[in-house]
Amino acid sequence: MVKFPSSVLSRLKRSLRGIEVISDPAFLTAYRFDATGRRGRCRAVIFPVNREEFSRAAAGCMAMDMPVVTRGAGTGFSGGSVPVEDSVIISTERMNRVLSFNRLNEQVQVEAGLVNGKLQQFLEGEGFFYPPDPASFRVSTIGGNIAENAGGPRAYRYGVTRRYVRELEWVMPDGEFCRSGPEGIGALITGSEGTLGMIYSAVLSVLPVPESRLTFLLEGGTDREAMDLASELLGLGFRPSVFEFIDSKTIQCVAEYLGLEELISGRASLFFEVEGTGIETLEQKGIIDGFCDLKGMKLVSAEKENRREHLWELRRSISPSLARRGITKINEDIALPLGRLSEAVGLIHRMAAERWLDCYIFGHCGDGNLHVNVMTDRRKKEEMARTADFVDALFRYVAGAGGTLSGEHGIGVTKRDYLDLVFSEEELELQEGIKKAMDGESRLNPGKYFDGITGGGSK
Ligand SMILES: Cc1cc2nc3c(=O)[nH]c(=O)nc-3n(C[C@H](O)[C@H](O)[C@H](O)COP(=O)(O)OP(=O)(O)OC[C@H]3O[C@@H](n4cnc5c(N)ncnc54)[C@H](O)[C@@H]3O)c2cc1C
């Protein structure tokens, strides 16, 4: 790792006069992590508050050859915003405005640091919503969502972030601004994890809030039975907008966390939402009610806003509830072809059990995206070695089954060494060429995706 001298930092601060730059080591601690718990190293955090400061910050770092990590809220699950090299962080936190809203065009323009949940609040007041809804929406930023091409429960019906990006404005390593729509170079920026450009603002498509929404929790049985029930339901014409799977171990964990005695039987469950006009949602309710009556299965339905929120709280409590089962959470968000999901859950649990690991599986199963969580302890070397062996076996299984390493969390540091499992040599070379064209000096977020391609990884 190249370490730059303190005199360079002092020069940077002078050149950015008027912009807040913090280099106090105690303060920096909070910026060395993301949700993976991995720790990096950074020398300063810059807090631009507008477009002009953002550009000056980028140009200032580049002029001094300092690697830069753009950071939103740091909720990433692949180490994307963890500064691997001796770096400077440019935080988008204070660039968090809604710049314009156009009801007729159904679009909103926002700065990158706006928190997804704040955007949703703003839009609700206008009778609209923004479909991408990562479970971290109360904290994660629109810039981070775009950089990771975030998904979420609603992705089953609405698709992921890319579909809603109409235009992006970003800063190139030299501080120059670029602007492009999804048919241009902007398409490369979405999902590029801060390695090709630093997003300043985005024009996003939004949709009118549907007339009616109903939320359901269906108690399934064993993990496999729950998966099979889902296929049966879809075969009957059930068309949810949200379609989530929660395995039996996870539901038990959430039930204990929230003190929900009635769920402690620990049956794998399916979490659904339907939406549309009042008549459409009632039709859908009819299908699922009839199905559950026939099978004698327990269904919890929620129509009123506060009841729906209660069910959503259960879904959103999965992550905090798991935190009680281990100090370190290894969370892999694999995606598989739908036909493989049912076999995959059992197989993955067996792979974990063979290595004496405590594994929990849930996720956006409607679009094939399963979150495989191992609750472990970073301080126990031998257990971590077994976990690494499990992750290796998991990725090899996924690649062999025609799946992808990440449904939504990105490659970052955690998966960079596995890219050759899912991309051919030609594809990797092409991607490397794009990086060279856009960031020839490799100043943007070094040590991530592209170091997997060039062999900078540690596998
Ligand atoms: C409890 C929990 C639940 C989650 N649920 C989901 C989920 O349902 N769906 C999902 O997709 N993800 C989920 N995530 C992962 C994470 O929240 C998303 O990846 C999110 O998009 C990251 O946003 P952020 O603002 O925290 O970005 P950060 O973590 O700060 O950064 C993530 C990456 O984006 C880059 N980046 C950030 N801002 C910019 C910018 N302005 N320009 C260029 N690059 C930038 C960073 O360099 C980094 O590579 C979850 C995380 C947690 C902790």
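Atoms considered below: every heavy atom in the structure, side chains included; atoms not considered: hydrogens, waters and symmetry mates. Counting starts at 1 for both ligands and their atoms, following the listed order.
When non-hydrogen atoms are compared, ligand 1 lies under 4.0 Å from neither the backbone nor the side chain of Val139. With a 4.0 Å heavy-atom cut-off, ligand 1 is reached by the backbone of Pro134 and by its side chain too. Residue Ala35 touches ligand 1 through its side chain alone, judged by heavy-atom distances below 4.0 Å. With a heavy-atom cut-off of 4.0 Å, His364 touches ligand 1 through its side chain alone.
Salt bridge present: Asp86 and Arg43 bring a charged side-chain N and a carboxylate O closer than 4.0 Å. A salt bridge is absent between Glu53 and Arg56: the closest approach of a Lys/Arg side-chain nitrogen to an acidic carboxylate oxygen does not fall below 4.0 angstrom. We find that Asp358 and Lys249 are joined by a salt bridge, their nearest charged nitrogen and carboxylate oxygen being less than 4.0 Å apart. A salt bridge links Arg396 with Asp392: the closest approach of a Lys/Arg side-chain nitrogen to an acidic carboxylate oxygen falls below 4.0 angstrom. Salt bridge status for Lys436 with Glu441: absent, with no side-chain N to carboxylate O gap under 4.0 Å. Taking a cutoff of 4.0 Å between a charged side-chain nitrogen and a carboxylate oxygen, Arg51 and Glu169 qualify as a salt bridge. In this structure, Arg94 does not pair ionically with Glu111, as no charged nitrogen and carboxylate oxygen lie closer than 4.0 Å.
Among the atoms of Thr75, some N or O lies under 3.5 angstrom from an N or O of ligand 1. Remark: ligand 1 and Ser140 share no N or O pair separated by less than 3.5 Å (distance only, no angle test). Distances between N or O atoms of Gly151 and those of ligand 1 include at least one value under 3.5 Å. In terms of polar-atom proximity, defined here as any N/O pair under 3.5 Å, Gly72 does make such a contact with ligand 1. At under 3.5 Å, a nitrogen or oxygen of Thr141, whether backbone or side chain, sits near a nitrogen or oxygen of ligand 1. Taking only nitrogen or oxygen atoms, main chain and side chain alike, Glu193 reaches within less than 3.5 Å of ligand 1. The shortest N or O to N or O distance between Phe77 and ligand 1 is not below 3.5 Å. Below 3.5 Å of separation, one finds an N or O of Gly74 facing an N or O of ligand 1.
Side-chain atoms of His371 and Glu408, non-hydrogen and from C-beta on, do get closer than 4.5 Å to each other.
What sits closest to atom 32 (C) of ligand 1 on the protein, heavy atoms only, is Glu148 OE2, 3.4 Å. At the shortest separation from atom 29 (O) of ligand 1 among protein heavy atoms lies Gly76 N, 2.9 Å. Looking only at heavy atoms of the protein, atom 41 (N) of ligand 1 is closest to Ile199 O, 3.1 Å. Residue, atom and distance of the protein heavy atom nearest to atom 44 (N) of ligand 1 are Gly194 CA, 3.3 Å. Remark: minimum distance from atom 40 (C) of ligand 1 to any protein heavy atom is reached at Thr70 CG2, 3.5 Å. Scanning all protein heavy atoms for the shortest distance to atom 48 (C) of ligand 1 gives Gly80 C, 3.4 Å. Summary of contacts: the protein heavy atom closest to atom 21 (O) of ligand 1 is Asn145 ND2, 2.9 Å. Distance from atom 31 (O) of ligand 1 to its nearest protein heavy atom, with residue and atom name: Ser81 CB, 3.7 Å.
Within the model, atoms NZ of Lys415 and OH of Tyr449 stand 11.5 Å from one another, a figure rounded to the nearest 0.5 Å. Within the model, atoms OG1 of Thr92 and OH of Tyr200 stand 11.0 Å from one another, a figure rounded to the nearest 0.5 Å. Atom CD of Gln120 sits about 7.5 Å away from atom CG of Asp133, to the nearest 0.5 Å.
Within ligand 1, counting atoms from 1 as listed, the ones closer than 4.0 Å to a heavy atom of Ala150 are 11 (O), 21 (O). Residue contact check: Ala147 has heavy atoms under 4.0 Å from atoms 34 (O), 35 (C), 36 (N), 44 (N), 45 (C) of ligand 1. In the vicinity of Asn445, heavy-atom distances shorter than 4.0 Å reach the ligand 1 atoms 47 (O), 49 (O). Each of the atoms 42 (N), 43 (C) of ligand 1 lies under 4.0 Å from some heavy atom of Met198. Less than 4.0 angstrom separates some heavy atom of Thr92 from each of these atoms of ligand 1: 41 (N). Each of the following atoms of ligand 1 lies closer than 4.0 Å to a heavy atom of Gly144: 21 (O), 23 (O), 24 (P), 25 (O), 27 (O), 37 (C), 38 (N). Close approach of ligand 1 to Ala112 (heavy-atom distance below 4.0 Å) involves ligand atoms 41 (N). Annotation for ligand 1: atoms under 4.0 Å from non-hydrogen atoms of Ala135 are 3 (C), 5 (N), 6 (C), 7 (C), 8 (O).
For the 3.5 Å distance criterion, the side chains of Tyr360 and Arg325 qualify, holding a donor opposite an acceptor. With 3.5 Å as the limit, one finds no donor-acceptor pair spanning the side chains of Arg154 and Ser241. Counting only N and O atoms by type, the side chains of Ser87 and Glu85 include no donor and acceptor under 3.5 Å apart.
Residue contacts with ligand 1 include Gly197, since one or more of its heavy atoms lies under 4.0 Å from the ligand.
With hydrogens and angles disregarded, a donor-acceptor distance shorter than 3.5 Å links the side chain of Asp333 to the backbone of Gly407.
Ring centers of Phe128 and Phe101: under 6.0 Å apart, within the cut-off. For an aromatic pair to be called close, the ring centres must be under 6.0 Å apart, and Phe272 with Phe238 satisfies this.
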